[in-house]
Amino acid sequence: MTAETSQTLDRGLKVLKLLADTDHGLTVTELSQKLGVNRTVVYRLLATLEQHALVRRDLGGRARVGLGVLRLGRQVHPLVREAALPALRALAEDIGATAHLTLVDGADALAVAVVEPSWTDYHVAYRAGFRHPLDRGAAGRAILAARQKPVGEPGYTLTHGELEAGASGAAAPLLGVTGVEGSVGVVMLADAVPERVGPRVVDAAREVAEALR
């Protein structure tokens with residue numbers, strides 16, 4: 001800690017991080033031990049965070065992340081979208097297909113940014129806000145594949161007809177971005193994805209990841 005930082009705020013943020021890392025919540029005693037402070041301090045921190053709906057306590061007294069965190073999280077999407085747009089725009093124009101940035105939202109893949117090519121006669125309509133299961137479509141499958149691979153190992157996923165009849169997709173995961181799990185991809189009306197598209201999508205995903213770091 002330095003003179004320019006707040007010890008209380010620092011502890012409050014640590015509480016949120018600890019709660020975010022557990023599915024079952026933590027008791028006051030467990031938080032006290034993990035933070036290295038007495039229980040009175042933890043009670044005050046939890047009471048303050050509860051007032052802002054960032055923490056809730058169940059009937060058993062275990063503290064968990066509150067719904068207020070979701071309201072904060074919704075504001076992240078516009079920031080991520082803005083950072084990704086230049087790379088998506090270049091990808092869409094280069095490939096001549098609809099490019100998208102997709103993030104994990106629970107068990108779904110959620111498209112948060114979409115750019116359509118300006119010069120093609122036709123292209124797949126794919127809208128921001130579109131969601132689908134992670135195990136269907138190139139965007140979700142690329143994310144699932146990244147969970148199974150060593151960190152830093154690039155790759156791409158190809159699919160055909162999983163989300164829309166006659167449409168093919170290619171996507172590559174975002175790698176090395178703390179707190180963000182997602183993919184960058186394209187969707188096109190074709191029986192198969194051209195060979196050069198996969199590596200180009202990997203490059204675009206790398207550009208988006210660099211913009212978000």
Practice prompt. Output every pair passing salt bridge (charged side-chain N to carboxylate O under 4.0 Å, His left out) with a member in residues 178-187, not counting sequence neighbours, ordered by first then second residue.
Written response: R147-E181
Item to complete: Find the distance between CD1 (I143) and CG (L174) and round it off to the nearest 0.5 Å.
Response: 7.5 Å
Worksheet entry | Given R57, R56, R44, R64, the one that forms salt bridge (Lys or Arg N to Asp or Glu O under 4.0 Å) with E50 | R57
Fill in: For G68 against L54, the heavy-atom pair lying closest together
C-CD2, 3.8 Å
Item to complete: Classify the angle between the aromatic ring planes of F130 and Y126 as parallel (below 30°), tilted (30 to 60°) or perpendicular (above 60°).
Response: perpendicular
Fill in: Whether T120 side chain and H123 backbone form a donor-acceptor pair below 3.5 Å
no
Worksheet item: Can you tell me if W119 uses its side chain to pair, donor with acceptor, with the backbone of G96 under 3.5 Å?
Response: no
Discussion item. Other residues, nucleotides and ligands only: do more than 12 of their heavy atoms fall within 6.0 Å of CD on E210?
Written reply: yes
Worksheet, complete the sentence: Between A83 and A211 the two heavy atoms that sit nearest each other are O-CB, 3.7 Å
Fill in: Option passing side chain to side chain contact (heavy atoms under 4.5 Å, CB included) with L91 (candidates V208, V184, T98, D203)
V184
Worksheet item: Does some side-chain heavy atom of D10 sit less than 4.5 Å from a side-chain heavy atom of L13?
Response: no
Practice prompt. Considering non-hydrogen atoms only, spot the tightest contact between V55 and A63 and give its length.
Written response: CG1-CB, 4.1 Å
Item to complete: Determine whether L45 and V65 fall in the same hydrophobic cluster, where Ile, Leu, Val, Met, Phe, Trp and Tyr are linked whenever their side-chain heavy atoms lie under 4.5 Å apart.
Response: yes
Practice prompt. Would you sort out whether T102 and H100 count as a side-chain hydrogen bond (donor to acceptor under 3.5 Å, both in side chains), showing the intermediate values?
Written response: CA-CA 6 Å; T102 298; H100 54 85; 3.2 Å; yes
Discussion item. Restricting to side-chain contact (heavy atoms from CB on, under 4.5 Å), what partner residues turn up for P86, sequence neighbours left out?
Written reply: none
Worksheet item: If Ile, Leu, Val, Met, Phe, Trp and Tyr residues are connected whenever their side-chain heavy atoms lie under 4.5 Å apart, and connections chain through other members, are V202 and L103 in the same group?
Response: yes
Worksheet item: What residues form a side-chain hydrogen bond (donor to acceptor under 3.5 Å, both in side chains) with R11, not counting sequence neighbours?
Response: none
Discussion item. Could you go through K17 and D21, starting from their C-alpha distance and side-chain angles, then the distance that decides it, and tell me whether this counts as salt bridge (Lys or Arg N to Asp or Glu O under 4.0 Å)?
Written reply: CA-CA 6 Å; K17 289 179 180 179; D21 288 337; over 6 Å; no
Item to complete: Keeping to residues at least two apart or across chains, list the salt bridge (charged side-chain N to carboxylate O under 4.0 Å, His left out) pairs with something in residues 122-131.
Response: D105-R131, D108-R131, E116-R127
Worksheet item: Is the shortest heavy-atom distance from the side chain of V42 to the side chain of V15 under 4.5 Å?
Response: no
Item to complete: Verify the cluster assignment for Y156 and L88: are they in a single hydrophobic cluster under the rule of side-chain heavy atoms below 4.5 Å apart?
Response: yes
Discussion item. Evaluate R196 against I95 for side chain to side chain contact (heavy atoms under 4.5 Å, CB included), listing each step before the verdict.
Written reply: CA-CA 9 Å; R196 78 180 187 95; I95 300 301; 3.8 Å; yes
Worksheet item: Are a donor atom and an acceptor atom from the side chains of S168 and H160 found within less than 3.5 Å of each other?
Response: yes
Worksheet item: Where is the tightest heavy-atom contact between A204 and A87, given as atom of each residue plus distance?
Response: O-CB, 4.2 Å
Worksheet item: If you count the non-hydrogen atoms of other residues, nucleotides and ligands that lie under 6.0 Å from CG in N38, is the total more than 12?
Response: yes
Worksheet item: Taking the side chain from R81 and the backbone from V112, do they hold a donor-acceptor pair closer than 3.5 Å?
Response: yes
For residues 28-36, which side-chain N or O atoms pair as donor and acceptor with protein atoms under 3.5 Å away, sequence neighbours left out?
{"residue": "T29", "atom": "OG1", "partner": "R39", "partner atom": "NH1", "Å": "2.4"}
{"residue": "E30", "atom": "OE1", "partner": "T27", "partner atom": "N", "Å": "2.9"}
{"residue": "E30", "atom": "OE1", "partner": "T27", "partner atom": "OG1", "Å": "3.4"}
{"residue": "E30", "atom": "OE1", "partner": "R62", "partner atom": "NH2", "Å": "3.2"}
{"residue": "S32", "atom": "OG", "partner": "V37", "partner atom": "O", "Å": "2.3"}

Practice prompt. Could you tell me which non-hydrogen atom of S183 sits nearest to which non-hydrogen atom of A139, and how far apart they are?
Written response: OG-O, 3.0 Å
Worksheet item: Can you name the residues that form a side-chain contact (heavy atoms from CB on, under 4.5 Å) with T159, not counting sequence neighbours?
Response: A138, R141, T157, E162
Fill in: Minimal non-hydrogen separation, A113 against L85, with atom names
CB-CD2, 4.5 Å
Worksheet item: Taking a hydrophobic cluster as the set of Ile, Leu, Val, Met, Phe, Trp and Tyr residues connected by side-chain heavy atoms closer than 4.5 Å, whether directly or through intermediates, do V114 and L101 fall within one such cluster?
Response: no
Worksheet item: Linking I/L/V/M/F/W/Y whenever their side-chain heavy atoms sit closer than 4.5 Å, directly or via other members, would V193 and V115 fall into one cluster?
Response: yes
